[in-house]
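Read the numbers this way: they start at 1 and go in the same order the structure lists the ligands and their atoms.
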Amino acid sequence: MLILLNLKTIRNDINLIKEAIIKYNCIPHEIPGERKLAIGVTGPTNLINEEEIRKMKSVEEVIRITKKYKLVSREMKEEDTIINIGDSKIGSKDITIIAGPCSVESKDQIFDIAGRLKEMGINFLRAGAYKPRSSPYSFQGMREKGLQYLDEVKKEIGMHIVTEVKDTETIPLISEVADVLQIGARNMQHYSLLEKVGKINKPILLKRGMAAKVEDLLLSAEYILAQGNYNVVLCERGIRTFETSTRNTLDLNSVPVIKKLSHLPIIVDPSHGTGYWDKVSPMSLAAIACGADGLIVEVHNHPEKALSDGSQSLTLEQFEKLYLKIKEIAPIIHN
Ligand code: PEP
Ligand code: MN
């Protein structure tokens, strides 16, 4: 349910409406936005006496949301959500580029890559310290040591850190370093993890599960918003299909589909989406062209020696060429 309020509504009236909602065991969410004053309501909203709410002071309209997901829907919030991280704004007209290796592998590796990306003008560094690998025998990440190197990079080079949190236990530790916490494809439906990151005050990058429909992704995002964290960035990273010529099938359809259904920013991961470095640049450009708010790209100083995902990683030189093209086409698409 969505309650639209008069733009001049005073705090006391908002509080009275919220109290009336809570009485029905429902949860009121003040929807952040500049153009409208609104309260989203989740919970057993069918119990609410709509007439009672409609008659309250300052209430202009009471709307039932028909979709299964509520807070993430465009019905609930018309304008795009913009997530501010330092001077960067994810979801704005400026494309967000997140780049870096799949995993932190050593201090030298992460400092070399981060330093060169920063020189190119990249502000977001991706790198996993805790890696959810399909095989228990694969490299699992440097864990705490990796996190420590990311913290040093953040302080010495000055980049925003995007790194994965794969279980509830490590949320506090990772939150100390990460500017954006990534929930990986394998954990998109780890609901207790989603609820926990919904309670922290950090942006979340939520990747689409490899067998998840767009609706499943939006419902997973809803878990996070429902706990009060409205700073969620969605990520299309490819899904499993019958096609085997690439690692996953990058479903770029999802970008305009999500843009219509939700106000949340959506970025694309062409690295996991294709699995091969030579497919990464063309699909990055395609992602920008179809309206994605940004990219998350795997870049390595020595892809041939990478401990994870080397075959889909761009070299720094390849990435720089791609980045120059992105800077040319992005303003044409996102004007
Ligand atoms: C990653 O970003 O390195 C990763 C493991 O991605 P995904 O969860 O999309 O497989
Ligand atoms: Mn990876």
Side-chain angles (χ1 to χ4, degrees), residues 96-105 109-110 113 117 124-136 138-143 146-147 150 160-167 170 174 178-190 193-194 197 203-214 216-217 220-221 224 232-241 246-252 254-255 258 266-277 279-280 283-284 287 292 294-315 319:
T96 302
I97 308 293
I98 304 168
C102 182
S103 309
V104 184
E105 298 170 5
Q109 175 246 20
I110 199 67
I113 298 171
L117 289 171
F124 284 90
L125 178 73
R126 66 141 293 148
Y130 295 84
K131 296 300 299 178
R133 304 303 302 281
S134 299
S135 162
S138 301
F139 173 59
Q140 301 286 315
M142 291 190 78
R143 299 175 173 160
L147 210 52
L150 287 175
H160 305 310
I161 304 295
V162 182
T163 195
E164 179 158 356
V165 57
K166 70 182 178 72
D167 49 46
T170 49
I174 294 176
D179 296 285
V180 178
L181 276 77
Q182 174 178 325
I183 305 277
R186 290 159 189 78
N187 273 321
M188 189 205 82
Q189 286 173 310
H190 183 336
L193 179 59
L194 300 178
V197 297
I204 307 300
L205 174 63
L206 178 64
K207 298 186 92 176
R208 181 178 182 181
M210 50 191 97
K213 295 190 293 180
V214 164
D216 300 324
L217 173 62
S220 288
I224 303 172
V232 174
V233 182
L234 304 171
C235 179
E236 166 59 49
R237 49 77 73 204
I239 47 172
R240 287 215 170 136
T241 65
T246 47
R247 179 177 176 183
N248 289 295
T249 297
L250 187 63
D251 177 20
L252 289 184
S254 71
V255 175
I258 287 171
I266 163 96
I267 67 167
V268 169
D269 174 348
S271 310
H272 295 85
T274 63
Y276 297 96
W277 70 267
K279 315 289 183 296
V280 170
M283 296 315 286
S284 296
L295 299 171
I296 178 164
V297 185
E298 287 186 338
V299 181
H300 202 287
N301 52 351
H302 296 290
E304 71 291 351
K305 292 190 197 148
L307 298 181
S308 60
D309 288 347
S311 58
Q312 64 191 33
S313 299
L314 295 182
T315 62
F319 174 74

Keeping Gln189 on the side-chain end and Gly209 on the backbone end, is there a donor-acceptor pair under 3.5 Å? no

Between Lys207, Arg247, Arg237, Arg126, flag the one that comes closest to atom 10 (O) of ligand 1 by a heavy atom. Arg237

Donor-acceptor under 3.5 Å (Glu236 side chain, Asp251 main chain): yes

At what distance is the nearest protein heavy atom to atom 8 (O) of ligand 1, and which residue and atom is it? Ala185 N, 2.7 Å

Under-4.0 Å heavy-atom contact with ligand 1, by part of Met210 that carries it: neither

Heteroatom distance test (Glu164, ligand 1): nitrogen or oxygen, under 3.5 angstrom: no

Atoms of ligand 1 under 4.0 Å from any heavy atom of Glu298, numbered from 1 in the order shown, are 3 (O)

Within the structure, is a non-hydrogen atom of Gly128 found at a distance of less than 4.0 Å from ligand 1? no

Check whether any N or O atom of Asp269, backbone or side chain, sits under 3.5 Å from an N or O atom of ligand 1, and answer yes or no. no

Using a strict 4.0 Å cut-off to heavy atoms of Gly184, name the atoms of ligand 1 that fall inside it. 8 (O)

To the nearest 0.5 angstrom, please state how far the CG atom of Leu125 sits from the CD1 atom of Ile161. 4.5 Å

Any donor-acceptor pair under 3.5 Å from Arg143 side chain to Ala129 backbone: no

With no hydrogens and no angle check, just 3.5 Å: does a side-chain donor-acceptor pair link His272 and Glu298? yes

Test of geometry: compute the angle NE2(His272)-the Mn ion (ligand 2)-OD2(Asp309) and round it to 10°. 80°

Answer key: the N, O or S atom of Glu298 nearest to the Mn ion (ligand 2) is OE2

If you have a sec, work out which protein heavy atom is nearest atom 4 (C) of ligand 1 and how many Å separate them, to one decimal? His272 NE2, 3.4 Å

Between Asn301 and Ile113 (side chain of the first, backbone of the second, donor and acceptor by atom type, cut-off under 3.5 Å), is there such a pair? no

Does some non-hydrogen atom of Gln182 fall short of 4.0 Å from ligand 1? yes

Look at the side chain of Ser311 and the backbone N and O of Tyr276, then say whether any donor-acceptor pair between them is shorter than 3.5 Å. no

Any side-chain to backbone donor/acceptor pair from Gln182 onto Gly128? Under 3.5 Å, distance only. no

Do Asp309 and Lys131 sit within salt-bridge range, that is, some charged N less than 4.0 Å from a carboxylate O? no

Of all the atoms in ligand 1, which lie at a distance below 4.0 Å from a heavy atom belonging to Cys102? 3 (O)

